[in-house]
Each structure stands twice: as C-alpha cells, then as structure tokens.
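Beneath this line is the structure, given in structure tokens, with notes to follow.
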Number of protein chains: 2
Amino acid sequence: MNTNLREELKARKQAYVQDEIIAAAARLFAERGIRAVTIDDIASSLGYTKSVVYYYFKNKNQVLWEIFNRIHEAWWADMQAIMEEDTPPDRKLAALIRKHALNVMDRTEWTAIYFRDQSELTEAQQSTVAERKRDFDRNFRDTYAKGVATGLFKDIPPAIVTSGIIGMCNQAHVWFKPGKGLSAAEIADHFTEIALNGCHR
Amino acid sequence: MNTNLREELKARKQAYVQDEIIAAAARLFAERGIRAVTIDDIASSLGYTKSVVYYYFKNKNQVLWEIFNRIHEAWWADMQAIMEEDTPPDRKLAALIRKHALNVMDRTEWTAIYFRDQSELTEAQQSTVAERKRDFDRNFRDTYAKGVATGLFKDIPPAIVTSGIIGMCNQAHVWFKPGKGLSAAEIADHFTEIALNGCHR
DNA sequence: AGATATTTAGACTGGAGAGTCAATACTTCC
DNA sequence: GGAAGTATTGACTCTCCAGTCTAAATATCT
C-alpha cells in the first residue's frame, strides 16, 4: 500500500549512494584522469566492490556525465542569479568574475575534470557541453559589450577580454590549494580588481 | 673508415623521423589525451606500423617526455632572452606576457598536453616539470615584485597577480583557433594591455 | 516466520592495447 | 656481388579492465 512512500525512500537512499560514488569518482578523476581510474578504484575507495558501482550507474560514462551535469547546474544557477540583478555592467561583471573564481576554487576537482576529460564524453554530450559553454560565455560577453556601449570599458573585442578573464579564473584550479596562502575569497577579490582595472576606460 | 660521418648521417636521419613521430603524437595526444591514443594510431597517422615507433623510442612514455622537454626548451629560451634585457619592470613584464601568450597560441597542442597529461609522467619526471615551472613562475613573480618596489605596480601579492596573468594566457589553448577572428599577435597585444592596465598603479 | 524487494559479492568473458621478437627488406660500402 | 649495418614488418604474448551474470546476503513488508 505505501508503495509510493517506499519508492520515495528507496530513491532518496539511492541518490545518497550515487552522490557518494560521484564524489569519490570526481576526486580520483581529477587526480589521474578518467582513463587512468578503474571502476574498481572508485568502488574500493569507498570500501565497495565494482558491482556496487554498476548497480547504481549504467557505465563509466554515466558517472562522468553526471559530474559534468552537476558542474553545469551549479555554475549556471549562480550565473543566472547574477544576471537577473538590476545592476550596471561594471558591477555585474565584477560579480560574475568573483563568483566564477570562487566556484573554480571551491571545487578545483570539477574544473580539472571539465577541462581534462571533455573528450571522453560522447559526441552528443560534447555538443551539449559546447552549447552550455556558449551560453555561459555569452553572458560575460554581453555584459562587457554593454559596458563598452555605456563608455565604462575599453573598446576591446568582448570575446577576447572575457576569454582572458575567464581563463584567469579557470586556471586557478591548477595552483590553488585551500588553506595555503590567501583564501579563495581574497584571491577572487584580487582577480576582480585586476580584471576590472584592466578593462576600465 | 668514414664511420664518424656515417654515424652522423644516421643520427640526423633518425632525428628527422623522431621529429615526425613526435609531431604526429603531439597532434593526437592534444586532441584525445595520451591514454586514448595508441602507438598504432601514431604510427598509422604517418603510414608506419607500430614497430617503427618502437624502433625510434623506447616506449610511449619517452614520446611524451620528449614533448614535455621541447615545450620547456622553447619556452625557457624565450624567457631567458627577455630576462637578460635591461628594461624596466613594466616593459619586461609586458614582454613576458606577450611572448607567453604567443607561445601558447603558436602551439596550442603543446599547452593542451602540458596541462592535461602531466599526471601520466613518472614521479621523477613530474618533479622535474614542477621544478621548471617554479623557475618559470619565479621570473614573472620577481619582475612583478620589482615593479611594486619601484612604485609601478599595485601592491597585490605577486604570486596571485602573475598566476592570474599566466592563467589568462594558458587557457587560450582551449579557445584560440588560428585563422579565425583576431590573430595571435593581436590577441597577445590585447592581453598585454589588459594585464598591465590591471596592475598599473 | 516467510515472501518479496533490494543490495552486495565474486567469478567470468571479451576485447584492447603495450611491448617483444624473429624474420624480412632495404642501404651502404668494399 | 655480397657482407655488414639499418629499417620495417607482422605475428605473438601478457596484462589490464569494462561490463556481465549468478548466487548470496540483507532489509522490508504482511
């Protein structure tokens, strides 16, 4: 009778284990790259056997794809929130940069996987990623272009400026170590300052 | 009798084929990542069989390591030349940025491999790479620090500023496509301008 | 308790690919 | 022409790993 309730409970429990597996996989993938990580590695890093992973995921690709989806969901939600604010281009750009820098440093593993293992996705998945990336970049670009139009920013091709700025943030995943040196927030602030200063008219 | 001459000729010929193999490997590695490229792939992209590659290289790792060495040699030589010039910090930093941006865009494959496949090297090779990277970064950092000391640059931790700037250049390997949009030189100039403007006091 | 649904273990298959080896082709030199 | 040195081939081995399958263990419900 309570079959609905049971299904729900089951789903919640499964979601929990899936999260666990994804987190473990992300750690390993980021460190060594997908191809160098076996399903056994993922499982045994959690004290499970391979079969458990295959019980919760269809195959290796699905684990990876889930990671990509989570990256996107998190980044995109944050970006949407900022885009909806009614602020002038310079403040909006500052917010975008700061948030992106923080996101990268908050989850350096995700960023590492995103850049390193994109080619391991299927063609279809890769197009989806490309599309999402276009949307992401466009928000940066449009914000910059608006700033140029209102005389706030230097008249440099928006695609170049924003690619540079986004790149500055992205690469932080390589060198940023939490707990060493400046905090993520401090670094994000510096980056924002440098970038805005750099393109301010 | 002309054994010296012959050895030399042989060496030159072998070096030529090795270059060919390395170039082919670099193209493939950059596109798909080391683990996804077989020795057969490399060989047959040149019309050879696997054995030819094994005739010229001990194993897959040596091909990769040779690529890393060439990246380093090229980048380091360029950097040395700039460091030896007797110019003020701001002009020196500008030259470093411009050159690095150009190097990245000139050989996007190399940069892709450098960032993506570093973990495929042996421990010892990885330490060597880390050491070289430290030297590379130090030149940027010291130049910036000098600029701060002479009041040219903002007083932001040099490691942060320069990591940001280097990152901006590095990431260009992901999106730069020669022949599309601005040229590498134009982009390098814009980056230099943005960066210098960004940290100028 | 016992029936049913869910989760885990472990053994197995099949394919792919790194690296080896012995045999063959091609060059160069005398 | 033939001997020594150089380059190339293709068949073979051996290991590793993704993914499957069956059976066992555990939890849940009545």
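Below, chain A is the first sequence line, B the second, and so on; all start at residue 1.
- None of A:I160, A:L93, A:L152 except one satisfies the side chain to side chain contact (heavy atoms under 4.5 Å, CB included) rule with A:Y144; the exception is A:L93.
- Judged by distance alone, the side chains of B:T111 and B:R116 never bring a donor and an acceptor atom under 3.5 Å apart.
- Rounded to whole Å, the distance from OH on B:Y48 to P on D:dG10 is 15 Å.
- One can place CZ of B:R12 at 16 Å from C1' of C:dT28, the figure rounded to the nearest angstrom.
- Residue B:L46 contributes atom CG, which lies 11 Å from atom P of D:dT8 at whole-angstrom precision.
- If you take OH of B:Y56 and P of D:dT9, they are 10 Å apart, rounded to a whole angstrom.
- For the residue pair B:D78 and B:N103, a side-chain donor N or O sits within less than 3.5 Å of a side-chain acceptor on the partner.
- Residue-level contact check: A:F57 touches neither bases nor backbone, having no heavy atom under 4.0 Å from any strand.
- A ring-ring contact (aromatic ring centres under 6.0 Å, His included) with B:F68 is found for one member of B:F115, B:W76, B:Y114 and no other, namely B:Y114.
- For the pair A:K154/A:V148, no side-chain contact is recorded, criterion being any heavy-atom separation below 4.5 Å from C-beta on.
- Salt-bridge check for A:K146 with A:D142: failed, with every basic side-chain N at 4.0 Å or more from each acidic carboxylate O.
- A donor-acceptor pair shorter than 3.5 Å can be found between the side chains of B:T38 and B:D41.
- With hydrogens and angles left out, the side-chain atoms of B:E131 and B:T128 include no donor and acceptor closer than 3.5 Å.
- Rounded to whole Å, the distance from CD on A:Q62 to C1' on D:dG19 is 13 Å.
- Comparing D:dT8, C:dA9, C:dT6 by their nearest atom to the side chain of A:T49 picks out C:dA9.
- Both B:Q14 and A:K13 lie close to DNA chain D; mapped to their nearest nucleotides by heavy-atom distance, the more 5′-ward contact belongs to B:Q14.
- With 3.5 Å as the limit, one finds no donor-acceptor pair spanning the side chains of A:E20 and A:Y56.
- Applying a 4.0 Å cut-off to non-hydrogen atoms, none of the residues of residues 18-28 of chain A approaches DNA chain D.
- Salt-bridge annotation for A:E85 and A:K92: absent, with no side-chain N of the basic residue lying under 4.0 Å from a carboxylate O of the acidic one.
- The interatomic distance linking A:K10 (NZ) with D:dC29 (P) rounds to 12 Å, in whole Å.
- Taking the six-membered ring where the residue is Trp, A:H100 and A:W75 present perpendicular rings, their angle passing 60° and hence far from 30°.
- Rounded to an integer number of Å, the gap from B:D41 CG to C:dG17 P is 7 Å.
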Requested in this report: Assign a letter to each nucleotide of nucleotides 18-23 of chain C from its 5' end: B, base within under 4.0 Å of a protein heavy atom; S, sugar-phosphate only; -, no contact.
Outcome: BBB---
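- With axes fitted over five pairs at each extremity, the angle between the ends of the helix from C:dA1-D:dT30 to C:dC30-D:dG1 is 10° (10° resolution).
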